[in-house]
Amino acid sequence: MNEQEQQAYILGSLLMLANRIQVLGDKLDEKITMKQWLLIAVILKSGQPAPALSDLAAMIGSSRQNVKKMALLLEKQGLVELAKDPQDARILRVRLTEGCMVYFAGRSREEERFMAELFADFGKEATTGLFNGLTRLSRNIARMEAGSSDEEKE
């Protein structure tokens with residue numbers, strides 16, 4: 001297989017694996033989907049007590065509308081709170097609740113088992129190689145997105 005064929009295989013594999021991981025992750029918990037889990041993880045890792053909905057959409061790579069739908073569902077479950085920004089009412093902020101922290105603490109063993117099974121037979125070298133490759137791919141995607149948004153403005 002030449003390099004171009006390998007790249008096509010990688011792209012196809014990433015798309016298929018993302019779907020398969022989502023299906024497996026959705027089976028982990030009846031209360032929350034993988035996409036909802038990702039939203040909560042991004043809020044937690046954002047370093048902000050209540051990031052803006054638009055910022056979360058950009059971080060996840062989804063539309064603001066889709067992220068708002070997820071956030072509203074999570075709010076009904078008591079896992080997040082949505083509130084208008086005190087300085088700018090147009091900005092909607094999302095904050096994790098104490099109930100969310102308690103809920104995820106209670107399922108940490110299942111998440112650890114899921115991750116261990118997902119990355120079984122990965123050594124440090126394979127993990128580092130995949131991490132570095134995905135990091136480069138993410139940078140390229142960000143560069144492509146920035147270029148396409150500049151073209152759309154013209």
Side-chain angles (χ1 to χ4, degrees), residues 10-11 14-15 17-120 122-153:
I10 290 168
L11 177 59
L14 285 171
L15 295 171
L17 289 172
N19 287 334
R20 293 173 70 191
I21 290 169
Q22 184 174 340
V23 169
L24 284 172
D26 286 350
K27 290 178 183 177
L28 256 179
D29 191 332
E30 291 179 11
K31 185 174 180 175
I32 190 166
T33 67
M34 273 305 267
K35 288 190 179 201
Q36 291 169 333
W37 174 88
L38 176 62
L39 178 61
I40 289 170
V42 168
I43 294 167
L44 188 62
K45 297 291 183 183
S46 74
Q48 303 173 43
L53 199 60
S54 297
D55 293 337
L56 291 170
M59 288 183 240
I60 291 175
S62 187
S63 71
R64 184 184 186 282
Q65 182 181 5
N66 284 343
V67 172
K68 186 175 182 181
K69 277 185 193 176
M70 275 194 289
L72 288 170
L73 287 171
L74 291 170
E75 185 177 45
K76 284 181 184 173
Q77 294 177 339
L79 299 174
V80 302
E81 290 177 350
L82 286 92
K84 290 184 179 181
D85 185 279
Q87 281 78 39
D88 187 344
R90 296 171 297 177
I91 298 172
L92 194 58
R93 299 206 171 268
V94 186
R95 184 183 73 76
L96 301 179
T97 64
E98 185 62 35
C100 181
M101 305 310 272
V102 169
Y103 179 75
F104 278 90
R107 63 173 247 168
S108 64
R109 283 196 180 122
E110 290 85 24
E111 288 184 12
E112 288 171 8
R113 182 187 51 75
F114 180 81
M115 292 296 284
E117 286 183 40
L118 189 61
F119 290 97
F122 269 66
K124 183 170 177 48
E125 188 176 315
T127 301
T128 301
L130 183 56
F131 176 82
N132 289 336
L134 291 174
T135 300
R136 288 183 195 135
L137 192 57
S138 294
R139 279 195 307 259
N140 291 346
I141 291 168
R143 187 172 34 253
M144 291 169 74
E145 289 171 336
S148 67
S149 65
D150 289 344
E151 290 169 11
E152 289 171 8
K153 291 177 187 174

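As a basis for the values below, the full set of heavy atoms in this structure was taken, side chains included, without hydrogen atoms, waters or symmetry mates. Since this is a predicted model, take the numbers as computed values, not measurements.
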According to salt bridge (charged side-chain N to carboxylate O under 4.0 Å, His left out), does anything in residues 70-88 pair up with another residue at least two apart or in another chain? List the pairs. Glu81-Arg95, Asp85-Arg93, Asp88-Arg90
Enter the distance from Leu56:CG to Leu39:CG here, rounded to the nearest 0.5 Å. 5.5 Å
Which atoms form the tightest heavy-atom contact between Ala52 and Ile91, and what is the distance? CB-CG2, 3.7 Å
Can you list the residues that meet the side chain to side chain donor-acceptor pair (under 3.5 Å) rule with Arg107, with sequence neighbours excluded? Asp29, Glu111
Please evaluate residues Leu24 and Phe114 with respect to the criterion side-chain contact (heavy atoms from CB on, under 4.5 Å), reporting the C-alpha separation (whole Å), side-chain torsions for both, the decisive distance (0.1 Å), and the verdict. CA-CA 9 Å; Leu24 284 172; Phe114 180 81; 3.9 Å; yes
Does any N or O in the side chain of Asp26 come within less than 3.5 Å of the main-chain N or O of Thr33, such that one atom is a donor and the other an acceptor? no
Sort and list the pairs that fulfil side chain to side chain donor-acceptor pair (under 3.5 Å) and have at least one residue in residues 126-141, not counting sequence neighbours. Asn140-Arg143
Answer whether the closest heavy-atom distance between the side chains of Leu79 and Leu73 falls below 4.5 Å. no
Give the C-alpha distance, both sets of side-chain angles, the deciding distance and a yes or no for side-chain contact (heavy atoms from CB on, under 4.5 Å) between Thr97 and Val102. CA-CA 9 Å; Thr97 64; Val102 169; over 6 Å; no
Indicate the atoms forming the closest heavy-atom contact of Gln77 with Lys31, along with that distance. NE2-O, 2.9 Å
If you define the side chain from C-beta out and look only at heavy atoms, does anything of Val67 sit under 4.5 Å from Val94? no
Tell me the closest heavy-atom pair linking Leu96 and Val80, and the distance in Å. CD2-CG1, 3.8 Å
Please report the C-alpha distance between Trp37 and Leu28 in whole Å, then the side-chain angles of each, then the deciding distance to 0.1 Å, and finally whether the side-chain contact (heavy atoms from CB on, under 4.5 Å) criterion is met. CA-CA 11 Å; Trp37 174 88; Leu28 256 179; over 6 Å; no
Take a 6.0 Å sphere around NZ of Lys69 and say whether it holds more than 12 heavy atoms from other residues, nucleotides or ligands. no
Could you pull out all donor-acceptor pairs under 3.5 Å where a side-chain atom in residues 42-50 meets a protein atom, sequence neighbours excluded?
from	atom 1	to	atom 2	distance (Å)
Ser46	OG	Ile43	O	2.8
Ser46	OG	Gln48	N	3.2

What pairs meet the side chain to side chain donor-acceptor pair (under 3.5 Å) rule with one or both residues in residues 52-63, with sequence neighbours excluded? Ser54-Arg64, Ser63-Asn66
Determine the minimum heavy-atom distance between Met34 and Gln22, stating which atoms define it. CG-O, 3.7 Å
Which residues share a side chain to side chain donor-acceptor pair (under 3.5 Å) with Glu117, sequence neighbours left out: Arg113
Interatomic distance, Lys68 atom NZ to Leu82 atom CG [nearest 0.5 angstrom]: 8.0 Å
